[in-house]
Protein chains: 2
Amino acid sequence: MNALPDPSPPVSGLVPEVRRKLLEAAARLLSEEGPSALSARRLAREASTSTMAVYTQFGGMPALVREVVAEGFARLRERLATVEHTDDALADLVQLCRAYRENALEHPNLYTVMFGGTSLGGYRLSRADMDVGTDTFTALADALDRVMGAGLIRRENSRHVAGQCWSALHGYIMLEIAGIYRAEDGTTELVLDPLLSRLLAVPITMGP
Amino acid sequence: MNALPDPSPPVSGLVPEVRRKLLEAAARLLSEEGPSALSARRLAREASTSTMAVYTQFGGMPALVREVVAEGFARLRERLATVEHTDDALADLVQLCRAYRENALEHPNLYTVMFGGTSLGGYRLSRADMDVGTDTFTALADALDRVMGAGLIRRENSRHVAGQCWSALHGYIMLEIAGIYRAEDGTTELVLDPLLSRLLAVPITMGP
DNA sequence: AGTACCGGAATAACACTGTTATGCAATAAT
DNA sequence: ATTATTGCATAACAGTGTTATTCCGGTACT
């Protein structure tokens, strides 16, 4: 009934391409169709394999989701790393916040799973996952350290201030993803900008 | 041939107790065992009925979840309404924020469904649901109006400031529910209090 | 070479899920 | 009293995650 097996299976040891294809399909389905599209059978179809591959390669759907989330964290870290350090530390911080928000709005489903606590088929963040996620936090703290070092904002515990900025950004972005705030209503200028500006006691513009 | 089942009670003013029992079981299961425990069959068992009741009474699982969420919004509104107006408008605002956070932490699963955008079996917030949810927002704005009227904080657009407070509160609470911030680590005093204090340019203490 | 092996994938089955179709009992309407 | 309708139970359908079994193909011996 089925087509003949793939004529060229270059095994080549290290990373099974079945694993790669499953992860790729999972990331794409989550991004394009949302969490409900993430099913073992659907993944198997998309990756041209059987559901068993999910179990031999990952051990189950929750473990697969965990890897997708880990990749999401990695992509976020890389994205934040693209923000270069210029001589204007405050501008760098703003760019960091922009990159964070852009990444979240470009992959909203993934973002809510990463930070929103969306239970995806019984999967919840483990402490290890959260530790990975919190180096977002350290990126913010480092940027704040430089801003404080330049005397551009009040000097204090950068980790605490980073926690405040993260809370504010995260909260605004989650409400934005939920559809309560919409950039076309001007909420970016009316809510987000004043929020961060007041928090750091310095004018900030997140819009383009 | 036959139209969609009308979700409203059919004849007498009496609300079917099957409907009440289903909603009660749904709220309890969501609160105690999380979103994955919300299944039609499980609900039918808990309410001593059959899965069909879910469809005759509500029209399906998404509609039932919608009602649970609506009840959550109603409970939040009542909770916020218990905060009395004293002659200290700023203290009232703080109590409002405390009530908001306490309600969220007491029903974290419900809260993430209400505001976090957790897709629960394909259910997502409709615009009507969001409008109901945003009278939380107006409660905040009203409290801010009184604080501004008393000259305790800078006078400006209270709706915009309310949006900023809501973003900050929501973000902190979501990270708290996700397990990233833990009150036993002192994050309430180190992150949340300074966050709101700076936002309003007045000292605020959310802890007990 | 031949052969035993063994790991990963395919097939199928189990216990679930939401949903729909059917049937039935009781009530409302005529 | 007879008909129509309403509301739930039963059962079935298609889907889910997961597990057991089978089976095939490359690896590693002999």
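Letters go in sequence order (proteins before strands), and every chain restarts at 1.
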TODO: Take atom CG of A:Leu29 and atom C1' of D:dT16, then tell me their distance rounded to the nearest Å.
DONE: 15 Å
Listing, residues 38-46 of chain A side-chain donor-acceptor contacts under 3.5 Å, not counting sequence neighbours, or none:
| unit_1 | atom_1 | unit_2 | atom_2 | d |
| --- | --- | --- | --- | --- |
| A:Ser39 | OG | A:Arg42 | N | 3.1 |
| A:Arg42 | NE | A:Glu46 | OE2 | 3.0 |
| A:Arg42 | NH1 | A:Glu33 | OE1 | 3.2 |
| A:Arg42 | NH2 | A:Glu33 | OE2 | 2.9 |
| A:Arg42 | NH2 | A:Glu46 | OE2 | 3.3 |
| A:Glu46 | OE1 | A:Arg28 | NH2 | 2.6 |

- [ ] For A:Glu17 and C:dG8, give me the distance from atom CD to atom P, rounded to whole Å.
- [x] 13 Å
Task: Nearest-neighbour nucleotide for the A:Met61 side chain, D:dG17, D:dG7, C:dA9 considered - done: D:dG17
- [ ] Spell out, as yes or no, whether a donor-acceptor pair under 3.5 Å connects the side chain of B:Ser31 to the backbone of B:His107.
- [x] no
- [ ] Nearest whole angstrom, please: distance from the P of D:dG17 to the CZ of A:Phe58.
- [x] 14 Å
Open item on the list: Would the distance check show the side chain of B:Arg146 and the main-chain N or O of B:Asp92 forming a donor-acceptor pair, the cut-off being under 3.5 Å?
Closed with: no
- [ ] Please determine, for the side chain of A:Thr49, which listed nucleotide (D:dT18, C:dG18, C:dA10) has the closest atom?
- [x] C:dA10
Open item on the list: Measuring from the side chain of A:Thr56 (C-beta onward, heavy atoms only), which nucleotide among D:dT18, D:dG7, C:dG8 has the closest atom?
Closed with: C:dG8
TODO: Let me know the distance between CD of A:Glu33 and P of D:dG15, rounded to the nearest Å.
DONE: 15 Å
- [ ] Calculate the interatomic distance between A:Arg42 atom CZ and D:dG17 atom C1'; express it in whole Å.
- [x] 16 Å
Between the protein and nucleotides 12-14 of chain C, which nitrogen or oxygen pairs are less than 3.5 angstrom apart?
| unit_1 | atom_1 | unit_2 | atom_2 | d |
| --- | --- | --- | --- | --- |
| C:dA13 | N6 | A:Arg41 | NH2 | 3.4 |

Open item on the list: Looking only at side-chain N and O atoms, does A:Ser158 offer a donor or acceptor that is under 3.5 Å from a partner on A:Asp145?
Closed with: yes
- [ ] Output the single nucleotide from D:dG7, D:dA9, D:dG17 whose closest atom is nearest the side chain of A:Ser39.
- [x] D:dG17
Open item on the list: Set out, in order, the CA-CA distance, both residues' side-chain angles and the distance that settles side-chain contact (heavy atoms from CB on, under 4.5 Å) for B:Glu106 and B:Arg79, then state yes or no.
Closed with: CA-CA 12 Å; B:Glu106 284 165 12; B:Arg79 175 69 166 267; 3.2 Å; yes
Open item on the list: Applying a 4.0 Å non-hydrogen cut-off, can you work out what B:Leu38 is touching in the nucleic acid: base, sugar-phosphate, or nothing?
Closed with: sugar-phosphate
Sequence neighbours left out, cut at 3.5 Å: what donor-acceptor pairs do the side chains of residues 66-73 of chain A make with other protein atoms?
| unit_1 | atom_1 | unit_2 | atom_2 | d |
| --- | --- | --- | --- | --- |
| A:Arg66 | NH1 | A:Asp129 | OD2 | 3.3 |
| A:Glu67 | OE1 | A:Arg19 | NH2 | 3.3 |
| A:Glu67 | OE2 | A:Arg19 | NH2 | 2.8 |

Open item on the list: Tell me the interatomic distance from B:Tyr55, atom OH, to C:dG23, atom C1', rounded to whole angstroms.
Closed with: 19 Å
TODO: Answer yes if the ring centres of B:Trp166 and B:Phe115 are under 6.0 angstrom apart, and no otherwise.
DONE: yes
Task: Selection from D:dC8, D:dT18, C:dT19 that lies nearest to any side-chain heavy atom of A:Pro62 - done: D:dT18
